[in-house]
Amino acid sequence: MENRTIDVSLGNSSLFELAIGRRKTKKELLSLSKGDIPIISARLDRPFGFIASESFVNNDCKVVLWNIDSSRWDTRVLNENCKFIPTDHCGYMKILDDSIIPEYVSYKLYEYGLHIGFKHEYRASLANMKEVYISVPVKEDGNYDVKRQRELAQKYQLCMKVKSELLHTIKELSDKRINIASKSKFVGVDIGDFMSFEKGKAKYTEKYCKEHQGEYPVFSAGTKAKTTIGHIDTYDYERECLKITTNGHYAGTVEFLAESKFSLNGDAGLLYFTNPRDKDKVNYQYLEYALQKAREQYGFNWTNKPLEADVKAIEILIPVKNDKWDITEQKRIARRYVEYKRYISRLRDCIEGLDGQFIKVD
């Protein structure tokens, strides 16, 4: 038998009650008393913060959440009796007919949002949401088919669970401290003994980049997909070096930069050989590996930001042979490290490609 559906408008006030939250800034959060009521913003899977407040949404039934003005469209179902405070970047929907299943609505709304392109440029505002129609299965007698809705929602949730677990695994692998085995002897050396440090310029903001657009990248504290904040018409450096982030959650993250023309903003710095001839004794990509290992030991993060003195005082281990720094062993370890990074990068690209795709289960 062919599955029958009817199109239902989210603007139908007899079936759906739509609302959005109020604006909350980080500055406001700091002035509010701490508590256990989550503030939900554009990241539906991660609370913006927790406060104690009387002005929360008391959802006596399941609600469908959607994000507003975000680069990553998302919907989610929040169980009944879960107190929450939505910001102006979070919409929520109460379904007034028990025969329309929230998990199914979330599934179809996510499909619609990906298709129509809800994001920064086209916001999922209340006005736009009320223009949305979703198809709901019905039985032969014209009533909503609750069983079919639940079947489809369960299939979709299973697919999303698998995808979420894959993404989590990739993150764990990316954050995992890699230790490449070596039979060599090692000597401890402070980075500042043979490398110089320079901090980027605070003037390179996103606004600056937009006003001085060009071909040369400005690197920032980004460590994942977005490592630049823009491209400008001038550059400060033309060299091979290491970039080290000096701000953000992943402060202290190191990345090798091949010789190119670029600039750095105030959230990053660079390391280069004080004596250029040391390039024959030390491998840059080995240094990236060694400094990444050291980052965990020194505990750099958002609050423990590496200053110049901190960076120069980082002790790394360098393999030695016949009392000399062993460049051959450095290169061997560096090759293994680069292979590992390439493997993780390919996995991440594949999984993140899935993350933006809709899995249709109808």
Side-chain angles (χ1 to χ4, degrees), residues 5-22 24 37-48 56-119 122-138 144-161 163-164 355-362:
T5 62
I6 60 171
D7 290 337
V8 176
S9 170
L10 297 187
N12 186 338
S13 59
S14 66
L15 296 175
F16 306 100
E17 182 182 306
L18 279 62
I20 63 172
R22 298 177 61 183
K24 294 283 184 186
I37 302 176
I39 296 178
I40 300 180
S41 192
R43 283 294 301 266
L44 303 184
D45 60 337
R46 182 185 302 168
F48 186 64
F56 56 82
V57 174
N58 188 9
N59 58 317
D60 53 357
C61 63
K62 290 183 178 181
V63 294
V64 177
L65 307 178
W66 75 90
N67 59 4
I68 303 168
D69 192 21
S70 173
S71 60
R72 180 174 174 264
W73 168 244
D74 197 11
T75 65
R76 190 171 294 262
V77 175
L78 192 65
N79 288 330
E80 62 269 21
N81 301 319
C82 291
K83 298 176 183 178
F84 72 103
I85 299 174
T87 73
D88 58 335
H89 292 299
C90 175
Y92 60 100
M93 175 198 315
K94 293 185 178 181
I95 301 173
L96 307 179
D97 189 323
D98 291 341
S99 58
I100 299 179
I101 306 304
E103 289 81 3
Y104 178 80
V105 172
S106 175
Y107 157 56
K108 297 304 289 185
L109 179 57
Y110 182 68
E111 176 186 25
Y112 179 89
L114 283 182
H115 173 73
I116 204 69
F118 278 148
K119 55 177 58 178
Y122 182 46
R123 301 173 74 249
S125 63
L126 283 180
N128 287 331
M129 288 292 289
K130 289 178 180 179
E131 298 297 320
V132 174
Y133 283 81
I134 62 171
S135 59
V136 180
V138 293
Y144 297 123
D145 191 337
V146 173
K147 181 180 178 182
R148 179 64 177 161
Q149 289 179 68
R150 285 179 174 155
E151 286 175 350
L152 294 173
Q154 286 171 359
K155 288 181 181 179
Y156 177 69
Q157 288 171 343
L158 178 61
C159 292
M160 293 300 286
K161 180 183 178 182
K163 187 166 72 172
S164 177
D355 196 37
Q357 300 297 318
F358 179 72
I359 303 173
K360 196 172 182 66
V361 297
D362 293 25

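Side chains included, hydrogens not; waters and symmetry mates left out as well; all remaining heavy atoms used.
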Exercise. List the steps and the verdict of side-chain contact (heavy atoms from CB on, under 4.5 Å) for Val132 and Asn128.
Key: CA-CA 7 Å; Val132 174; Asn128 287 331; over 6 Å; no
Practice problem: Please report the C-alpha distance between Tyr144 and Val8 in whole Å, then the side-chain angles of each, then the deciding distance to 0.1 Å, and finally whether the side-chain contact (heavy atoms from CB on, under 4.5 Å) criterion is met. | Solution: CA-CA 11 Å; Tyr144 297 123; Val8 176; 4.0 Å; yes
Quiz prompt | Intermediate values then yes/no, side-chain contact (heavy atoms from CB on, under 4.5 Å), Tyr110 and Trp66 | solution = CA-CA 8 Å; Tyr110 182 68; Trp66 75 90; over 6 Å; no
Quiz item: Step by step, would you call Thr5 with Val136 a side-chain contact (heavy atoms from CB on, under 4.5 Å)?
Solution: CA-CA 5 Å; Thr5 62; Val136 180; 6.0 Å; no
Show me the donor-acceptor pairs, under 3.5 Å and distance only, between side chains in residues 81-93 and residues at least two apart or in other chains.
residue : atom : partner : partner atom : Å
Thr87   : OG1  : Ser41   : OG           : 3.0
Thr87   : OG1  : His89   : N            : 3.0
His89   : ND1  : Ile68   : O            : 3.3

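Side chain of Thr75 to main chain of Leu65: no donor-acceptor pair is present (N/O by atom type, distance under 3.5 Å, no hydrogens or angles). Between the Glu103 side chain and the Leu152 main chain, no donor and acceptor come within less than 3.5 Å of each other.
The two residues Asn67 and Asp74 make their nearest non-hydrogen contact at OD1-N, 3.1 Å. The two atoms that bring Leu109 and Met129 nearest to each other are CD2-CE, 3.6 Å, heavy atoms only. A pairwise comparison of heavy atoms in Ala124 and Trp73 identifies CB-CZ3, 3.6 Å as the closest pair.
One distance of note links CD of Gln154 with CD1 of Ile101; it measures 10.0 Å at 0.5 Å rounding. Between the NZ atom of Lys130 and the OG atom of Ser125 there is a distance of 9.5 Å, given to the nearest 0.5 Å. Interatomic distance, OG of Ser106 versus CZ of Arg76, reported as 8.5 Å (0.5 Å rounding). To the nearest 0.5 Å, the span separating OG on Ser9 from CD on Glu131 amounts to 7.5 Å.
In this view, Leu96 and Glu17 satisfy the side-chain contact (heavy atoms from CB on, under 4.5 Å) rule, not counting sequence neighbours. Residues meeting the side chain to side chain donor-acceptor pair (under 3.5 Å) test with Asp45, sequence neighbours left out: Arg43.
Comment: Asp145 does not engage Lys147 in a salt bridge, judged by the lack of any side-chain N to carboxylate O separation of less than 4.0 angstrom.
Heavy-atom neighbours of Tyr133 OH from other residues, nucleotides or ligands within 6.0 Å: at or below the threshold of 12. Taking a 6.0 Å sphere around NZ of Lys119, one finds it holds 12 or fewer heavy atoms contributed by other residues, nucleotides or ligands.
The one candidate from Leu15, Val146, Ile134 that meets the side chain to side chain contact (heavy atoms under 4.5 Å, CB included) condition with Ile100 is Leu15.
By the 4.5 Å heavy-atom criterion applied to side chains, Phe118 and Tyr112 are counted as neighbours. Annotation: side chain of Ile39 is not in contact with side chain of Pro47 (no heavy-atom distance under 4.5 Å).
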